[in-house]
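Here the structure comes first, spelled out in structure tokens, and everything after it is commentary.
In this text the structure is predicted, and so the values were computed from the model without any measurement.
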Amino acid sequence: MHSSPLLPSPPENEAELLQRAQRLAGQTFAALAAQLNLPIPPNLKRDKGWVGMLLELHLGASAGSKAEQDFAHLGIELKTIPVDAQGKPLETTFVCVAPLTGNSGVTWETSHVRHKLARVLWIPIEGDRGIPLADRRVGSPLLWHPSEEEEQQLREDWEELMDMIVLGQVERITARHGAWLQIRPKAANSKALTEAIGQHGEPIMTLPRGFYLKKSFTGPLLARHFLM
DNA sequence: TTTTGATCATAT
DNA sequence: ATATGATCAAAA
């Protein structure tokens, strides 16, 4: 037996999306799950993307989607971000997979990172593990786009990291590189491998990586929102 | 306590 | 294996 939840259709425009997001603010995960007849996992250990999917469903994002923005017709990407009681991020934010091959001619202007971060609807969520998942609440949404200064720094980080990838130094990249963007593993486990460029230009197999936004970037971004 | 590297589920 | 959604947890 399965339920027949009433799923929201994609929002017609930006105002409708924001209205829906603001309507979710203050609600508990239990309440949102109940509205869709979804079971609540005991914790996020084996359901790390559960909250993100829950909000996607409520906002009418294309579930199980392709490599695109969540609301492609609006040019908006949805990101849930776990925060503590002070509103500070508890985790970094995954942006997209880092391309390790086929990068000749790729520029910041055409990069997936720039596209994904062009417009982001940030939705803070309570992430304190001391709060039962069902009791955690959704915060107030923030529709953001990078300022010229922000984009410039993101671009510098991206270019530094992509240079290392293209020059066959992917295995020398650590999470310490980049001011706001970092590259870290993004894989099922440490045995998963993907093709990359070795230090002598030869093909090598290495751990898949992803671009992430550091907390030192998202923290102030959210703080401006809540202090205003 | 914070950060970095590792990992989990699902769909294609 | 790659894409989506991320958080976990060992190490610093």
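- The CG atom of A/N189 sits 13 Å away from the C1' atom of B/dG5 (whole-angstrom rounding).
- At a threshold of 4.0 angstrom between heavy atoms, the contacts of A/R46 are confined to the sugar-phosphate backbone, with no base atom among them.
- A search for salt bridge (charged side-chain N to carboxylate O under 4.0 Å, His left out) contacts involving A/K48 returns nothing, not counting sequence neighbours.
- As judged by a 4.0 angstrom heavy-atom cut-off over every strand, A/E77 is placed among residues touching the sugar-phosphate backbone only.
- Computed from coordinates, the A/L213 CG to C/dA6 C1' distance equals 13 Å when rounded to whole Å.
- Within 4.0 Å (heavy atoms only), A/K191 reaches no atom of the nucleic acid at all.
- Residue A/K186 is in base contact, counting any heavy-atom pair closer than 4.0 Å across all strands shown.
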Check residues 21-31 of chain A and write down every donor-acceptor pair under 3.5 Å in which the side-chain atom is one partner and the other belongs to a residue at least two apart or another chain.
| residue | atom | partner | partner atom | Å |
| --- | --- | --- | --- | --- |
| A/Q27 | OE1 | A/Q35 | NE2 | 3.1 |
| A/Q27 | NE2 | A/R23 | O | 3.0 |
| A/T28 | OG1 | A/A31 | N | 3.1 |

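- Every residue meeting the side-chain contact (heavy atoms from CB on, under 4.5 Å) condition with A/L167, not counting sequence neighbours, appears here in chain and number order: A/Q169.
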What side-chain donor-acceptor pairs closer than 3.5 Å can you find for residues 132-144 of chain A, not counting sequence neighbours?
| residue | atom | partner | partner atom | Å |
| --- | --- | --- | --- | --- |
| A/R136 | NE | A/D128 | O | 3.4 |
| A/R136 | NE | A/I131 | O | 2.9 |
| A/R136 | NH2 | A/I131 | O | 3.3 |
| A/R137 | NE | A/E126 | OE1 | 3.4 |
| A/R137 | NE | A/E126 | OE2 | 3.3 |
| A/R137 | NH2 | A/E126 | OE2 | 2.6 |
| A/W144 | NE1 | A/E150 | OE1 | 3.4 |

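- Annotation: salt bridge (charged side-chain N to carboxylate O under 4.0 Å, His left out) contacts of A/E195 (sequence neighbours excluded): none.
- Side chain of A/F94, nearest nucleotide from B/dT7, C/dA1, C/dA6: C/dA6.
- Nucleic acid contact class of A/L90 (heavy atoms, under 4.0 Å, all strands): none.
- In this structure, the helix from B/dT1-C/dA12 to B/dT12-C/dA1 shows an angle of 30° between the axis at its start and the axis at its end, each fitted on 5 base pairs and rounded to 10°.
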